[in-house]
Amino acid sequence: MASSSDNSDPDKGMSADNIKGLVMALSSSFFIGASFIVKKKGLKKAGASGVRAGVGGYSYLYEPLWWIGMITMIVGEIANFAAYAFAPAILVTPLGALSIIISAVLAHVILKEKLHIFGMLGCVLCVVGSTTIVLHAPPEREIESVIEVWNLATEPGFLFYAALIMTTVFVLIFHVIPEYGQTHIMVYIGVCSLVGSLSVMSVKALGIAVKLTLSGINQLIYPQTWAFSMIVAACIITQMNYLNKALDTFNTAVVSPIYYVMFTSFTILASVIMFKDWNRQNPTQIVTEMCGFVTILSGTFLLHKTKDLSDGVSSCLPVKLSKHIGENGFEDSEGIPLRRQDSVRST
């Protein structure tokens with residue numbers, strides 16, 4: 001396969017398509033990172049005069065600030081959509097770490113959610129890890145029709161992965177969320193991340209279809225293109241609903257890195273299964289990419305753990321209150337404010 005031989009020569013550098021995808025992914029990160037903060041401001045304002053999203057309310061739909069944040073996120077997602085049409089998911093998705101940095105910095109400035117100096121170190125680690133992945137990403141697979149993508153999606157390996165994901169999501173939504181959604185941050189984010197891995201594969205398929213159509217090879221005549229479109233719509237609606245609940249219930253600087261880590265992990269796994277990205281790389285490149293990803297994970301973990309050190313919160317000895325979240329909204333073992341303080345007061 002020609003792409004494999006190209007990929008094995010590190011001197012050839014990034015392909016033109018990968019560079020286009022990189023630029024679009026960076027733009028996407030800036031818009032999405034900012035949208036988290038604007039939407040959070042809208043959610044807080046709406047929650048002050050209506051039923052909070054975290055407890056099933058939808059008053060934020062009448063809040064203009066939330067819609068501004070939503071529009072900003074849509075712009076970012078459009079750029080992200082375009083990025084997936086040109087570059088592999090294993091390159092595009094990890095760059096979402098930059099949106100965490102933007103979100104954390106803006107949360108510090110606008111929402112007054114403190115960012116300790118070690119949190120800044122976490123941001124640097126995210127950048128280093130992202131750079132490592134960018135420099136060793138595989139070239140985009142040559143695809144000539146959306147039918148080819150559909151064939152990849154209906155192979156036994158990916159069908160098994162998709163079935164496992166959907167089963168887990170249904171269990172979380174109907175059995176776990178009613179009881180643990182308000183106290184366990186991983187529940188809401190788990191739904192977003194699992195569904196997100198499927199949405200990215202469909203977004204990539206749709207992006208390829210649009211790119212081919214614009215180049216003169218009409219893909220709109222195939223029912224598979226519209227099937228991918230419906231999957232994307234369903235996944236995005238689900239993601240937005242549960243992401244709103246997570247943002248309204250828990251601290252933004254906690255939601256963002258955890259969501260990034262889980263979403264990126266599942267997306268890379270889905271891409272490796274469906275598009276067989278690692279088949280176009282040598283072992284050295286794969287190991288280097290994984291090291292870059294671990295570096296990003298370390299950065300997001302550090303950003304999370306040191307988020308409120310400047311508040312003096314971490315200097316307090318942890319108090320044993322309950323099995324999960326104490327009545328003051330702090331994790332028992334860490335003393336880190338997991339939940340929003342206004343959310344805690346209202347419960």
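Checking side-chain atoms of T225 against main-chain N and O of I221 turns up no donor-acceptor pair under 3.5 Å. Looking at Q219, its side chain does come within 3.5 Å of a backbone N or O of I217 through a donor-acceptor pair. Of the possible donor and acceptor atoms, one in the side chain of S215 sits under 3.5 Å from a partner among the backbone N and O of L212. Under a 3.5 Å cut-off, the side chain of S35 and the backbone N or O of I32 do form a donor-acceptor pair. A donor-acceptor distance shorter than 3.5 angstrom exists from the side chain of S130 to the backbone of C126, with no hydrogens or angles considered. With hydrogens and angles disregarded, no donor-acceptor distance shorter than 3.5 Å links the side chain of S202 to the backbone of V232.
Between T213 atom OG1 and L220 atom CG the span is 4.5 Å, to the nearest 0.5 Å. A distance of 8.5 Å separates CG of N244 from SG of C192, quoted to the nearest 0.5 Å. Rounding to the nearest 0.5 angstrom, the gap separating the CE atom in M274 from the OG1 atom in T154 is 8.5 Å. If you take CD1 on I133 and OG1 on T264, they are separated by 8.5 Å, rounding to the nearest 0.5 Å. Expressed to the nearest 0.5 Å, how far CG of L22 lies from CE of M24 amounts to 10.5 Å. Note that OG of S28 is 9.5 Å distant from CG of L95, once rounded to the nearest 0.5 Å.
Within the 4.5 Å cutoff, no side-chain heavy atoms of L198 are placed close to those of I231. Looking at M120 and V105, their side chains never come closer than 4.5 Å, going by heavy atoms from C-beta outward. Side chains of I286 and H136 form no contact here, defined as non-hydrogen atoms less than 4.5 Å apart. With contacts defined as side-chain heavy-atom distances shorter than 4.5 Å, the pair P94/E289 does not qualify. Residues L243 and V255 form a side-chain contact, since some pair of their non-hydrogen atoms from C-beta on lies under 4.5 Å apart. Contact check for T288 versus T132: side-chain heavy atoms found under the 4.5 Å cut-off. Using a 4.5 Å cut-off on side-chain heavy atoms (C-beta onward), P88 and N18 make contact. At a threshold of 4.5 Å between non-hydrogen side-chain atoms, the residues K276 and L152 count as touching.
The two atoms that bring S193 and Y259 nearest to each other are OG-CD1, 3.6 Å, heavy atoms only. Contact detail for D277 and P138: the closest heavy-atom pair is O-CB, 4.1 Å. The minimum heavy-atom distance between E63 and G42, with the atom names listed, is CG-O, 3.6 Å. Taking each heavy atom of L98 and L26 in turn, the nearest pair found is CD1-CD2, 3.1 Å. Across I37 and S103, no two heavy atoms sit closer than the pair CD1-O, 3.3 Å. Scanning all heavy atoms of the two residues, the minimum distance from A89 to T267 falls at CB-CG2, 4.3 Å.
In the displayed structure, K41 atom NZ is contacted under 6.0 Å by at most 12 heavy atoms of other residues, nucleotides or ligands. Atom CZ of F30 has 12 or fewer heavy atoms from other residues, nucleotides or ligands within 6.0 Å.
At a threshold of 4.5 Å between side-chain heavy atoms, the hydrophobic network of Ile, Leu, Val, Met, Phe, Trp and Tyr places M166 and F263 in one connected group. At a threshold of 4.5 Å between side-chain heavy atoms, the hydrophobic network of Ile, Leu, Val, Met, Phe, Trp and Tyr places I102 and V109 in one connected group. Note: the hydrophobic cluster containing V149 does not contain F160 (ILVMFWY, side chain heavy atoms under 4.5 Å, direct or indirect links). By the criterion of side-chain heavy atoms lying less than 4.5 angstrom apart, applied directly or through intervening Ile, Leu, Val, Met, Phe, Trp or Tyr residues, L194 is grouped together with I273 in one hydrophobic cluster. Under the 4.5 Å side-chain heavy-atom criterion for grouping Ile, Leu, Val, Met, Phe, Trp and Tyr, M186 is connected to Y180 within one hydrophobic cluster.
Just one of I237, T238, I236 meets the side chain to side chain contact (heavy atoms under 4.5 Å, CB included) condition when paired with M240; it is I236.
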Distance-only donor-acceptor hits, side chain of residues 65-87, under 3.5 Å, sequence neighbours excluded:
| from | atom 1 | to | atom 2 | distance (Å) |
| --- | --- | --- | --- | --- |
| W67 | NE1 | L61 | O | 2.6 |
| T72 | OG1 | I68 | O | 2.8 |
| Y84 | OH | T93 | OG1 | 2.7 |

Would you list the atom pairs, donor with acceptor, under 3.5 Å between side chains in residues 167-179 and any protein atom, with sequence neighbours excluded?
| from | atom 1 | to | atom 2 | distance (Å) |
| --- | --- | --- | --- | --- |
| T167 | OG1 | A163 | O | 2.8 |
| T168 | OG1 | L164 | O | 2.9 |

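Checked by atom type, the side-chain pair S145/Y222 shows no donor-acceptor distance below 3.5 Å.
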Under the side chain to side chain contact (heavy atoms under 4.5 Å, CB included) rule, what do V127 and C123 come out as? Steps first, then yes or no, please.
-> CA-CA 6 Å; V127 172; C123 293; 5.8 Å; no

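Classification of the Y188-Y242 ring pair by plane angle, with boundaries at 30° and 60°, yields tilted.
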